[in-house]
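Please read the structure below before turning to the comments.
Quick note on labels: first sequence line is chain A, next is B, and so on, each numbered from 1.
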Amino acid sequence: MRDAVAALVRDGDTVVIEGFTHLICFAAGHEIIRQRRRELTLCRLTPDLIYDQMIAAGCARKLVFSWAGNPGAGSLHAFRRAVEGKGPPLELEEYSHFGMVGRLSAGAARLPFWPMRNYMGTDLPAANPRIASIECPYTGERLATVPALNPDVTIVHAQRADADGNTQIWGLLGVQKEAAFASRRVIVVVEELVDQSVIRADPNRTLIPGIAVDAVVVEPWGAHPSYAQGYYDRDNAFYVGWEPVSRDPAALAAYLDEYVYGVRDRREYVERSGGLEQLRAAARVCAGVNYGY
Amino acid sequence: MRDAVAALVRDGDTVVIEGFTHLICFAAGHEIIRQRRRELTLCRLTPDLIYDQMIAAGCARKLVFSWAGNPGAGSLHAFRRAVEGKGPPLELEEYSHFGMVGRLSAGAARLPFWPMRNYMGTDLPAANPRIASIECPYTGERLATVPALNPDVTIVHAQRADADGNTQIWGLLGVQKEAAFASRRVIVVVEELVDQSVIRADPNRTLIPGIAVDAVVVEPWGAHPSYAQGYYDRDNAFYVGWEPVSRDPAALAAYLDEYVYGVRDRREYVERSGGLEQLRAAARVCAGVNYGY
Amino acid sequence: MTHTPTELMATVAARELRDGEVVFVGIGLPNLACNLARATHAPNLVLIYESGAIGAVPERLPVSIGDPSLVTGSLMVCGMADVFQSLLQNGRIEVGFLGGAQVDRYGNINTTVVGAYDHPDVRLPGSGGAAEIAIHARRTVIISRLSRRAFPDAVDFVTSPGHRFRGRTRRELGMPGAGPVKVVTDKAVLEAEAETGELVLAALYPGVEADEVRAGVGWRLRSRPHLAKVDPPTDVELRLLRDVLDPQRLYLKG
Amino acid sequence: MTHTPTELMATVAARELRDGEVVFVGIGLPNLACNLARATHAPNLVLIYESGAIGAVPERLPVSIGDPSLVTGSLMVCGMADVFQSLLQNGRIEVGFLGGAQVDRYGNINTTVVGAYDHPDVRLPGSGGAAEIAIHARRTVIISRLSRRAFPDAVDFVTSPGHRFRGRTRRELGMPGAGPVKVVTDKAVLEAEAETGELVLAALYPGVEADEVRAGVGWRLRSRPHLAKVDPPTDVELRLLRDVLDPQRLYLKG
């Protein structure tokens, strides 16, 4: 992870760490904090705890997003302090989920914009002038548009990949595929590195092809406190516990000192966190299908 | 099948039978011929033998397509006779594959058009005025557009579905998902009806949800002479043998008499065809994945 | 059995759902309401989460819209591009549940900022998928507790549109869905008046006076000529809520 | 070992591919060329079929672009929306192979009609994915046998654009890819002249005279000042083609 982030994430980059509640790569976010990347434009539908930590650590110049909260548990207070004028400033570019999905879809298709029926009757276009509109050449209707998002680097967590980066994901898929195809550079972080024969045995399960991937990093528990279907459960206690930490800048700084700056790598984070084994997934293995002919 | 076609396919309808070389529902095409539907607008990327048969049988008023041939074996001669002025006329609306994919993608998203970088330097827009263009509101570039395709009825063949129409497909996916979502009515034809627990055991394998499906028909060998991955191989001899049949209107009429009008249903077609068992797929079953948490 | 206002809210919301409908579910009370409906009069309700799980049958109370229990045993999992394009924009979602920090006289919802957008007093999470749910779901149901702060005359920021925006109606603005047909609060049900789009008092909960409701909204709340009657939760509904659906009282507090 | 013109075509096309490249493959000679390259100098070639199979390793010679043998054991199968948007339009395809009934002086290809579009003498299959491959692949290679009918001065219909369309260049028309960098025929290799985009004679096959090539094209074919030398297939290449890749001579006829 250290080498991948050192080589592929640069100061000033537009960075996407995706994963909709599922497969959020905290391991990569922590490594970016440790390597003290600065002036990043952080993009994500749901900034989640990892972007709260990256904002608190001073990595971010700008946030591009659609829902900034601690799902089910409260607020992202480092984010809020910045936006409410009580902390270092943070530029915002705000969409809805559909808008962010459209931006990444356009990026993946290498189109300059994405059309959608959306935003009529809302204040979102007034708050974000990049939400524009277009006239349909067939019906004359006006449709909303969002501009393509083509990140410098996207980091995707996944259950497994081969050494070439052919990546398989199951459970919630979010916008992992779109983000990877939209990006100039892609890091895939996996729970398990598997032999290519495992990938080739079930090619419909592959979401991102190796030709779109620049680095594969093996990092078990790399998505904790989010989860990896079939590997480990969401650590809900951590999410609930983040509320008071995030609310108190000193507590947040102490958290970063202990769990990010204070460990060398993910293995040490897992050791220091302790007790993660109780989140290990139960077995609910499905049957295979026949690829014969 | 008889009931589904009787209830859901009407004279004058815009009909899509999709499946890119894989899972082409000949069974449904034959039933439409038997029920003597007329004035249909037939849409498909690759009209294939089944549309050649439907054109020969007089079902079609118009063809919307992107590649009309007998892949690897020759021409669709009923189609060619119509277009070359040697048979009953057939209106054409012609795109490229990307154009047809875009039309169905727009239909599935209920957008009036789909943008793409395409068609510059080709005569396709001159031949088809429905290929238009649009100016990007961000960059000022001109992009090509195709209009949405929202068929009256789409017929999709699949390996398996439950009784509610939750449909799983593996192997080549073509535009089955887009066609189903774009359509007002959807018939899913499956090799196997399975208990819903089979679907629920591997939800990432589901391509079309039951909420988008109006009828489920069980029809083993329903895609012959095309194929169903994991069930049976492509009948290449049939494709090669179609060339002389299609070339000779009398031979084509005799084929329809024997294999379409002359059988009551797919079971009789399979019996009359004979020897299909030798196309039965070998076992190449993949391993399952863990959905536990 | 006696019930709490929250239990009644969940029950009233559940009764808004018809069997076989396709529902876009959120976490919390909407999730409880949907599961209560499934367990009572609407066994064939199809629950869709914006995270991409269709036909979810969670074996535990999901704590997040993307909880792994929503995936295991569901009918389908699709990417979010399909959720927003093939399902929502396609018009296949029949009911959407919405909530928010502020709901105004026309059912507009604010989940973005309290105060000015550029210098907010309180920064809220933002739209998520709410803006497009409000626009595309064939109808929406708003769930929110009454208070003058939560029900101002006009919201500070329209995140999710209701029935009228800067004087223009949904139809004039080209919105496909019907908008918020009901607002389920802890004291009463409000509904939009057909002509004006303004929320009016439509039904009082047992034991609540109309004045209590008026005190909880920031505009002069009018009433329908005849208020509908709201039946309290039945014993069956209460037992399901308390013993089966939320035994740990995660969402039934209050 | 002696070789046939077709075997040399397959060999010359194979040599156009560099190891590790991402190639959009068609059925027939392009498929043979790719598999020959994989078996010789380019073991890491990634074969993508427009049907959606990525990294295919077919255990038999595929008879269709959607043959099931392209799926079994491949690295990934994706829908055609991804093929055309996320891969092709995205710029991830490095080489595309094209063929056609007519190829003209600027490398424009016709696979649509002989004669007028509305009243064709011969109706051909149409574009399929060829138009967009010709526009988006970073470079394309055309494979076609020489004849005056197949190489007219101007095609009857431009299905897939070459280097110049109605006087305008690819760059002027905004095409991302470089277009047909080579035309591999059964007698010679033609290449596009950088300034004009016109196809010129670039290399003769062993034993072929330039006049034979000129006789096979419908315009005054010019030559590069120095013609490149084409090595005949090696014994290894021939054995692979004949014994391993197409033992039944499905595509090696002629």
Worksheet item: Which of residues 75-82 of chain C have a heavy atom under 4.5 Å from any heavy atom of chain A?
Response: C/Val77, C/Cys78, C/Gly79, C/Met80, C/Ala81

Worksheet entry | Under 4.5 Å from any heavy atom of chain C - which part of A/Leu207 | neither

Practice prompt. If the plane angle is over 60° it's perpendicular, under 30° parallel, otherwise tilted; pick one for C/Phe84 and A/His97.
Written response: perpendicular

Worksheet item: For A/Asn118, does its backbone N or O pair with a side-chain atom of C/Glu132 as donor and acceptor, under 3.5 Å?
Response: no

Fill in: Side-chain donor-acceptor contact under 3.5 Å, C/Glu50 with A/Trp67
no

Worksheet item: Picking from A/Ala228, A/Ala281, A/Gly174, which has the most non-hydrogen pairs under 4.5 angstrom with chain C?
Response: A/Gly174

Discussion item. Within the structure provided, determine whether C/Ile65 and A/Pro71 are in side-chain contact (heavy-atom separation under 4.5 Å).
Written reply: no

Discussion item. Heavy-atom pairs under 4.5 Å with chain C - which of A/Phe79, A/Trp170, A/Tyr95 has more of them than the others?
Written reply: A/Phe79

Worksheet item: Is the CD atom of C/Glu195 crowded by more than 12 outside heavy atoms at less than 6.0 Å?
Response: yes

Worksheet item: So, A/Asp123 side chain and C/Phe157 main chain: donor-acceptor pair closer than 3.5 Å or not?
Response: no

Practice prompt. With a 4.5 angstrom heavy-atom cut-off, could you sort out which part of C/Asn110 is near chain A: side chain, backbone, both or neither?
Written response: neither

Response to the item:
Given C/Gly126, C/Gly128, C/Ser127, the one with more heavy-atom pairs under 4.5 angstrom with chain A than any other is C/Gly128

Practice prompt. Keeping the roles fixed (side chain from A/Thr21, backbone from C/Gly66), state whether a donor-acceptor pair exists under 3.5 Å.
Written response: yes

Worksheet item: Does the side chain of C/Val71 reach to within under 4.5 Å of the side chain of A/Leu172, using non-hydrogen atoms?
Response: yes

Worksheet item: At a heavy-atom separation under 4.5 Å, does C/Arg166 approach chain A through its side chain, its backbone, both, or neither?
Response: side chain

Worksheet item: Heavy-atom count around C/Arg171 CZ within 6.0 Å, excluding the residue itself: above 12?
Response: no

Worksheet item: Just by modelled atom types, is the C/Arg123 backbone N or O under 3.5 Å from a matching donor or acceptor in the A/Glu84 side chain?
Response: yes

Fill in: Distance-only polar pair, side chains of A/Ser105 and C/Gln85, donor-acceptor under 3.5 Å
no

Response to the item:
Between C/Pro120 and A/Val83 the two heavy atoms that sit nearest each other are CD-O, 3.6 Å

Discussion item. Please determine whether side chain to side chain contact (heavy atoms under 4.5 Å, CB included) holds for the pair A/Glu94 and C/Tyr117, giving the CA-CA distance in whole Å, both sets of side-chain angles, and the decisive distance to 0.1 Å.
Written reply: CA-CA 11 Å; A/Glu94 181 166 3; C/Tyr117 183 78; 2.5 Å; yes

Worksheet item: Hey, which residues of residues 124-139 of chain A are touching chain C, say heavy atoms under 4.5 Å apart?
Response: A/Leu124, A/Ala127

Worksheet, complete the sentence: If one checks every heavy atom of A/Ser96 against chain C at 4.5 Å, the contacting part turns out to be both

Worksheet item: Given a strict heavy-atom distance threshold of 4.5 Å, which part of C/Val122 is in contact with chain A: side chain, backbone, both, or neither?
Response: both

Item to complete: Name the region of A/Phe98, side chain, backbone, both or neither, that has any atom closer than 4.5 Å to a heavy atom of chain C.
Response: both

Worksheet, complete the sentence: Greatest number of non-hydrogen atom pairs under 4.5 angstrom with chain A, of C/Gly28, C/Ser64, C/Gly52, falls to C/Ser64

Fill in: Most contacts with chain C, counted as non-hydrogen pairs under 4.5 angstrom, among A/Lys177, A/Glu141, A/Arg117
A/Arg117

Item to complete: Heavy-atom distances under 4.5 Å only: say whether C/Ile135 touches chain A with side chain, backbone, both or neither.
Response: side chain

Worksheet item: Out of C/Pro125, C/Ser69, C/Ala131, C/Gly115, which one racks up the most heavy-atom pairs below 4.5 Å with chain A?
Response: C/Pro125

Worksheet item: Using a cut-off of under 4.5 Å for heavy-atom pairs, which of A/His22, A/Arg284, A/Arg142 has the most such pairs with chain C?
Response: A/Arg284

Item to complete: Give the minimum heavy-atom separation between C/Pro68 and A/Tyr227, together with the two atoms involved.
Response: CB-CE1, 3.3 Å

